[in-house]
Amino acid sequence: MMWSTILLGTVCFVALIFFYQRWMPVFGVKCAPLPKQPLPDNTVVLDIRDYQDADRFPVKNAHTLPYPYLKRHLQTIDANQIFVVAPDKVSRNLSIRLLQKNGRTVTGFAVVSGDETSKTSVKVDCS
């Protein structure tokens with residue numbers, strides 16, 4: 001009986017951590033429109049969408065590094081301040097937490113989706 005309670009508690013704790021990392025927004029990082037003017041030195045726009053989406057609907061002056069490659073190639077980002085362009089809320093949360101864990105400052109984010117009607121523009125969602 002005691003082992004089943006410990007096992008159930010452990011499973012609930014792991015599920016809670018999984019839920020928190022993926023679905024809880026990162027506090028202190030605000031949604032912002034895509035930067036139109038050049039960013040200050042030591043700041044980079046990091047596009048974590050898939051290569052196909054980033055190529056079809058590009059974001060001007062963005063470095064494309066999809067989320068699955070982010071942990072492996074984090075040392076290639078030579079800026080301390082990062083503006084994140086993400087395809088969805090889960091990728092946004094996971095990437096911001098990973099960047100902050102590795103000592104980077106995330107100045108803002110934009111969740112974008114391609115506009116199929118114009119084939120060249122992206123739509124920013126701050127909800």
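- Within the 3.5 Å criterion, the main-chain N or O of Phe57 finds a donor-acceptor partner in the side chain of Arg49.
- Hydrophobic cluster membership is shared by Leu46 and Val106, with clusters built from Ile, Leu, Val, Met, Phe, Trp and Tyr side chains linked at under 4.5 angstrom.
- Between Ile82 and Thr105, every side-chain heavy-atom pair lies at or beyond the 4.5 Å cut-off.
- The hydrophobic clustering, which links ILVMFWY residues whose side-chain heavy atoms are closer than 4.5 Å, places Val90 and Leu70 together.
- Asp50 places no side-chain N or O within donor-acceptor distance of the main-chain N or O of Gln52, the cut-off being under 3.5 Å.
- Looking at residues two or more places apart in sequence or on another chain, you find a side-chain contact (heavy atoms from CB on, under 4.5 Å) between Gln21 and Ile17, Leu94.
- In this structure, Val84 is not a member of the same hydrophobic cluster as Val59, with clusters built from ILVMFWY side-chain heavy atoms closer than 4.5 Å.
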Show me the donor-acceptor pairs within less than 3.5 Å that the side chains of residues 22-43 make with the rest of the protein, sequence neighbours left out.
unit_1	atom_1	unit_2	atom_2	d
Asn42	OD1	Asn80	N	3.1
Thr43	OG1	Gln81	OE1	3.1

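- Shown here are the side-chain contact (heavy atoms from CB on, under 4.5 Å) partners of Tyr69, two or more places apart in sequence or in another chain: Tyr51, Leu65, Pro66, Arg72, His73.
- Atoms CG and NE2, from Asp47 and His63 in turn, are 11.0 Å apart once rounded to the nearest 0.5 Å.
- The shortest side-chain heavy-atom distance between Val124 and Val111 does not fall under the 4.5 Å cut-off.
- By the side-chain contact (heavy atoms from CB on, under 4.5 Å) test, Ile6 pairs with Met2, Trp3, Thr10, sequence neighbours left out.
- Between Val45 and Asn61, the closest side-chain pair of non-hydrogen atoms is not below 4.5 Å.
- Both cation-pi conditions hold for Arg97 and Tyr20: the charged atom is under 6.0 angstrom from the six-membered ring centre and inside a 45 degree cone around its axis.
- Checked against side-chain contact (heavy atoms from CB on, under 4.5 Å), Ser91 has the following partners two or more places apart in sequence or in another chain: Ile48, Pro87, Asp88.
- The cluster map of Ile, Leu, Val, Met, Phe, Trp and Tyr, joined by side-chain heavy atoms under 4.5 Å apart, puts Leu98 and Val85 in different clusters.
- A donor-acceptor pair under 3.5 Å is formed between the side chain of Arg104 and the backbone N or O of Ala79.
- Within the 4.5 Å cutoff, the side chain of Ile96 has heavy atoms near those of the Phe109 side chain.
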